[in-house]
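Take a look at the structure set out below.
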Protein chains: 2
Amino acid sequence: MKHDHSKILSAVGSQMPEDEVLAELSELFSVFGDSTRIKILWALFEHEMCVCAIAELLKMTQSAISHQLKLLRHAKLVSSRREGKTIYYFLADDHVRSIINQGMEHISE
Amino acid sequence: MKHDHSKILSAVGSQMPEDEVLAELSELFSVFGDSTRIKILWALFEHEMCVCAIAELLKMTQSAISHQLKLLRHAKLVSSRREGKTIYYFLADDHVRSIINQGMEHISE
DNA sequence: TTATCATTTGAATATTTGTTCATATGATAC
DNA sequence: GTATCATATGAACAAATATTCAAATGATAA
């Protein structure tokens, strides 16, 4: 018979959050898991920006950027405000910075 | 003609890291972007564990877990040590904890 | 109203990715 | 050597996803 893990399994299993929470957490990280979106977030570190400025900066179509902004908005990482025809996007809160900073620390070792 | 962004673009563009760095960063986050891998990491918060114990805990095949551990190892989020036939996995460093904690903070608002 | 600018949206396509299955490796005991 | 346990690996398939294209919405100005 295989070796026994019952002791560890009960200890570890009791500490684990609900599946639903863990799913939400992984969905959040997968929003950071695309270089286009990372670039958008990084751009917004400095200034709020309109969609077409981001598109110009990243040399991508405005449609592609808009699709990605939708995901970022849905994950509550960015917010937007309208000014005439233009819509400005900005970082929703400071978790974005700290999460990206932690990631940078990890890869620069 | 379209509206002008040259001022913002030059300010923001100069702050942006190299594409290669941003790609590496997004690859790191995409490793966190899967609920199976998040569960594995969470399990390892408590104890080092062997592959078959993780498989048993998550009710998944040993092969699926092994594939995911390979990704986690490659991202330097986990390390392993061999003890006879058994290979124990453990968290490679504390960035894992802090990144996951920041993510948890963001979703619990 | 018509025209134009800024943005969003939906469908289509190509690529990526997670799991399964079957097989291979590696270590121990006999 | 053979047998068994623990893990890793490669190919195949299904599901998820990023971008493009075409069309729609929304706001302003003439």
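Naming convention: chains lettered A, B, ... in sequence-line order (proteins, then strands); numbering from 1 in each chain.
For the pair B/R37 and B/F32, the cation does not sit on the ring face, since its NZ or CZ is not both under 6.0 Å from the ring centre and inside 45° of the axis.
For B/H106 (side chain) and A/A75 (main-chain N/O), a donor-acceptor pair under 3.5 Å exists by modelled atom type. Side chain of A/H5 to main chain of A/S10: no donor-acceptor pair is present (N/O by atom type, distance under 3.5 Å, no hydrogens or angles). With hydrogens and angles ignored, the 3.5 Å screen pairs a side-chain donor or acceptor of A/S30 with a backbone N or O of A/E27.
By the neighbour-count criterion of 12 heavy atoms within 6.0 Å, atom CD of A/E20 is sparsely surrounded, having that number or fewer from other residues, nucleotides or ligands. Atom CD of B/E18 is surrounded by 12 or fewer heavy atoms from other residues, nucleotides or ligands within 6.0 Å.
Going from atom CD of B/E27 over to atom P of D/dA18 covers 14 Å, rounded to whole Å. Across the protein-nucleic acid pair, A/H3 atom NE2 and C/dT28 atom P stand 14 Å apart, rounded to whole Å.
Within residues 33-70 of chain B, the residues that have a heavy atom under 4.0 Å from DNA chain C are, in order of number, B/D34, B/T36, B/R37, B/M60, B/T61, B/S63, B/A64, B/H67, B/Q68. Shown for residues 71-88 of chain B: residues whose heavy atoms fall under 4.0 angstrom of DNA chain C, namely B/L71, B/R82, B/G84, B/K85.
Checking B/Q102 against A/S98 by side-chain atom types alone, a donor-acceptor pair falls below 3.5 Å. Counted by atom type alone, B/Y88 and B/R82 present zero donor-acceptor pairs between their side chains at under 3.5 Å.
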